[in-house]
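Here is the structure we will look at, set down as structure tokens.
Small disclaimer: the values here were computed from a predicted structure and weren't measured.
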Amino acid sequence: MTFDGDRSRDDAELLRLQKCSTEPIRTIGRIQSHGILFGVDEVTGVVVVASENAEHWLGRDLREAESSVLTWAIGHGVAVDPVRAEFEGQTYDVIPHRGTSPLLLELEPVIPDLDYVRTGVVSAIQRLAGITDPDELRQRAAREIKAVTGFDRVMCYHFHDDGHGQVVADEREPEMESYFGLHFPASDIPAQARELYIEKRSRVIASTDDPGLAIHTLLPEAEPVDLGTTELRAVSPHHLEFMRNMGQASTVSFGLIIDDRLVGMFTCAHRSPRRVPVLLRRAIEVMASQVASQLAAADQIRRLRRQLEARERRISIIAPLYGRADVGTVLMSGERTVLDIVPADGALLRLADAVHTVGVVPPADKLFAVIDELGAGRFLWEALPLERPELAVEVPGVTGLLVVPLGGEGDALVFVRSEVSRSIDWLGDQRPENRDSPLSPRRSFSAWRESVTGRSLPWGEHAQDAFDLGEEIRAAMVARTQAELAELALRDALTGLHNRRFLDDRLEDLLRGSDKPVSLVFLDLDDFKLVNDTHGHEMGDGVLAAIGKRLSGVARTSDAVVRLGGDEFVIVCVDAGAEEAAAIAGRALAAITHPIVVRGIEITVNGSAGVVAAERGMAPAQLLDAADAAMYRAKRGGGGRVSA
């Protein structure tokens, strides 16, 4: 989902994103003041980095603190599983970060009143486990997190593909303004801040009024300390101003990660400073991971179900293409059309210079001229008047365009959509007047409604439906071509009847694999050479083609009419004995004798026929020879007759 607003506003948003991307949030050089940070040389145990509230430890070995737990944490501890230790007369949760150089060690003071609140997370996870509806899951999870943490507000964000976000759950105190459903720009949570949630699943900001503590170091100045994975990392001044403008004195956020992508987060906000102990954060991180897994499973089920339904709709339309049905009629004029696959105002199909349409569409020549001007490589537009206004005027009413190439030169299936005006509710007025400067955060976050024009409905998943449909149309066309080629290999080019190759295969199948009686009619034209000699071979071919049609007319639907070559024909009579086959042969000879007009000249021919019923164990060649012999007996008897 993307939105086009005022161009200057879009430029300002791009500027904010660029500025955010260069802000040194990982190497900010300060921590929040409620804890202590050490950087320890793992070889010597000497403190080489310390926050200013513990700078007296610089150059000293932390083992001098005489805390066995602290010493163990330096050697073996991991951040995901903090340990508790006494240090300088106070109890701390100790969080070691393995893999950092120097080893970063954080100490957060214990919050006695919240020490066992985390146990409530287990039952919350159990209550959430059976929820399959994504909207209900997000809302219920936000409610559970609010109950456990005691924050004034807990929101769940969802990040759209273009980077902007939306509040999809909002549990708050009754007197607080609702943010549910509101959208916010990507710069509110910029890319590098989102990337940190992949490494570290939660982020605490204990107080927006906290000036923080400087970090002192014995390391060379060229080596800034990377605080990206730490709990205590200080906050960007820009973000602190953002929070204060929003009325937030403290927050804690938990990332929703699916396939190593941040797809959303839970953000807890409070109107006064509030801190969540690390063990409770770890428990909620587990809850957030479970919620993410459930969301991923629900989305996968939804996608699979949708794919199956879409495939069934495509099959119902595509299936007739594998026969002899006209492609344009099937796709654009049937009981179901391509618009049942891809909702649109209209569609155009161009195949081999023939154009078919359905729904409301512009003139085909103008539309394809615009498509040619748009150029190759891009197939989807949702805001043609905004992106290419000089071309949009050529096809008034077309705002969305989806082009599906079909392989041939210029062959394509094109869907068109008209403009749809929409209202978008934003978290705060997005206009420049709501900022002190383009780089400043918004002053107000009350809901602000924007009317979006110049766009069609987004194609979304329907775009993939269209491209899948194109693939299946191409596959059907290839299969049709192959089937036609295979059929041609079994057909006589002049008469359109089956040929000798087909006859051999058909007799082989009937004589070996069927219990039904089979008889053969072998028919030869009498003195046909005289027609060719008198009128020429082209006239003779015209006579043969006419005879082929007459023989097809007298044969039963279960019979097969074959041209062996020259002026010889065979009728394979299935489920017929010699007597019934003789009757068919008689009708065939009678049909032949009627005058045939070719190029204004009337020509009359006669024929002779031999009939043989297949006997058990007879081979195809034997049956054909026997029928041929019977036909010659008819000729020797004077022709124009049937012989058995």
* To do: Apply side chain to side chain contact (heavy atoms under 4.5 Å, CB included) to Leu321 and Leu331, showing your working.
  => CA-CA 9 Å; Leu321 294 186; Leu331 296 178; 4.1 Å; yes
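- Side-chain atoms of Gln430 come within 3.5 Å of backbone N or O of Gly428 as a donor-acceptor pair.
- Side-chain contact annotation: Asp162 with His164, donor-acceptor N/O pair under 3.5 Å present.
- Other residues, nucleotides and ligands contribute only 12 or fewer heavy atoms inside 6.0 Å of the CZ atom of Arg311.
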* **Worked check of salt bridge (Lys or Arg N to Asp or Glu O under 4.0 Å) between Glu231 and Arg282** => CA-CA 11 Å; Glu231 308 288 332; Arg282 293 292 182 267; 2.8 Å; yes
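- At distances below 3.5 Å, at least one donor-acceptor pair connects side-chain atoms of Asp170 with backbone N or O atoms of Tyr179.
- Listed here is the closest heavy atom pair of Lys200 and Thr229: CD-O, 3.1 Å.
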* Asked: Given the rule in the side chain to side chain contact (heavy atoms under 4.5 Å, CB included) test, do Val327 and Arg480 qualify, once you have shown the distances and angles that lead to the verdict?
  -> CA-CA 11 Å; Val327 176; Arg480 267 172 77 122; 4.1 Å; yes
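- Using a 4.5 Å heavy-atom threshold, the side chains of Arg274 and Asp152 count as separate.
- Nearest heavy atoms, Ala186 versus Gly163: CB-O, 3.5 Å.
- Taking the side chain as every heavy atom from C-beta outward, Phe180 and Arg172 never approach each other to under 4.5 Å.
- Aromatic pair Tyr157/Phe184: ring centres closer than 6.0 Å.
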* To do: Begin from the C-alpha positions of Leu262 and Ile198 and carry the test side chain to side chain contact (heavy atoms under 4.5 Å, CB included) through to its verdict.
  => CA-CA 7 Å; Leu262 183 71; Ile198 307 298; 4.2 Å; yes
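- For Leu402 against Ala466, the heavy-atom pair with the smallest separation is CD2-CB, 3.5 Å.
- Ring centroids of Phe445 and Phe242 are separated by less than 6.0 Å, placing the two rings close together.
- Counting non-hydrogen atoms of other residues, nucleotides and ligands closer than 6.0 Å to CZ of Arg449 gives a total of 12 or fewer.
- Atom NE2 of His270 and atom CE of Met243 lie 12.0 Å apart (nearest 0.5 Å).
- Using modelled atom types, no side-chain atom of Glu144 and backbone atom of Arg127 make a donor-acceptor pair closer than 3.5 Å.
- Looking only at distances, a side-chain donor or acceptor of Arg30 sits under 3.5 Å from a matching main-chain atom of Gly212.
- Contact detail for Ser418 and Asp345: the closest heavy-atom pair is N-OD2, 2.6 Å.
- Using a 4.5 Å heavy-atom cutoff, the side chains of Thr251 and Phe151 are not in contact.
- Atom CZ in Phe415 sits 6.5 Å away from atom CG in Leu339 (nearest 0.5 Å).
- Looking only at side-chain heavy atoms (C-beta outward), Val342 and Val404 stay at 4.5 Å or farther from each other.
- No side-chain heavy atom of Val278 sits under 4.5 Å from any side-chain heavy atom of Val204.
- Smallest separation of non-hydrogen atoms from Asn434 and Ser444: ND2-O, 2.9 Å.
- Atom CD of Gln18 sits about 10.0 Å away from atom CG of Leu439, to the nearest 0.5 Å.
- Expressed to the nearest 0.5 Å, how far OG1 of Thr267 lies from CZ of Arg203 amounts to 12.0 Å.
- Considering only heavy atoms from C-beta on, Ser456 stays 4.5 Å or farther from Trp381 through its side chain.
- More than 12 heavy atoms of other residues, nucleotides or ligands lie within 6.0 Å of CG in Asp365, so this atom counts as buried by the packing criterion.
- Between Arg140 and Asp133 there is no salt bridge, since no side-chain N of the basic residue sits under 4.0 Å from a carboxylate O of the acidic one.
- The residues Arg271 and Glu175 are annotated as salt-bridged, a charged nitrogen and a carboxylate oxygen being separated by less than 4.0 angstrom.
- No donor-acceptor distance shorter than 3.5 angstrom exists from the side chain of Glu373 to the backbone of Leu391, with no hydrogens or angles considered.
- Proximity of Leu349 to Val338: side-chain heavy atoms (C-beta onward) are nowhere separated by under 4.5 Å.
- The main-chain N or O of Leu380 is found under 3.5 Å from a side-chain atom of Arg378 such that the two form a donor-acceptor pair.
- No donor-acceptor pair closer than 3.5 Å links the side chain of Arg201 to the backbone N or O of Val286.
- The pair Lys366-Glu394 does not count as a salt bridge, with every side-chain nitrogen at least 4.0 angstrom from each carboxylate oxygen.
- Distance alone, capped at 3.5 Å, places no donor-acceptor pair between the Glu241 side chain and the Ser440 backbone.
- Each of Lys146, Arg143, Arg153 was compared with Glu171 under the salt bridge (charged side-chain N to carboxylate O under 4.0 Å, His left out) criterion, and only Arg143 meets it.
- Between Asp209 and Arg244, some side-chain heavy-atom pair lies under the 4.5 Å cut-off.
- A side-chain donor-acceptor contact under 3.5 Å links Gln192 to the backbone of Glu23.
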* Is there a side chain to side chain contact (heavy atoms under 4.5 Å, CB included) between Arg275 and Ser250 once you walk through the steps? -> CA-CA 8 Å; Arg275 187 164 63 85; Ser250 56; over 6 Å; no
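- Here side-chain hydrogen bond (donor to acceptor under 3.5 Å, both in side chains) pairs that include residues 326-339, with residues two or more places apart or in two chains, are Ser316-Arg336, Asp326-Thr329.
- Side-chain contact, Glu285 with Ser202: a donor N or O sits under 3.5 Å from an acceptor N or O.
- With no hydrogens or angles considered, a side-chain donor-acceptor pair links Gln464 and Asp468 at under 3.5 Å.
- Here the straight-line distance linking atom CZ of Arg474 with atom CG of Asp411 works out to 10.5 Å at 0.5 Å rounding.
- For the 3.5 Å distance criterion, the side chains of Trp426 and Glu450 qualify, holding a donor opposite an acceptor.
- Using a 4.0 Å cut-off between charged nitrogen and carboxylate oxygen, Asp259 and Arg261 do not count as a salt-bridge pair.
- In terms of heavy-atom proximity, Arg417 sits nearest to Pro343 at NH2-O, 2.7 Å.
- Remark: the backbone N or O of Ile125 is paired with a side-chain donor or acceptor of Gln290 at under 3.5 angstrom.
- Once rounded to the nearest 0.5 Å, the distance linking OG of Ser187 with CZ of Arg442 reads 7.0 Å.
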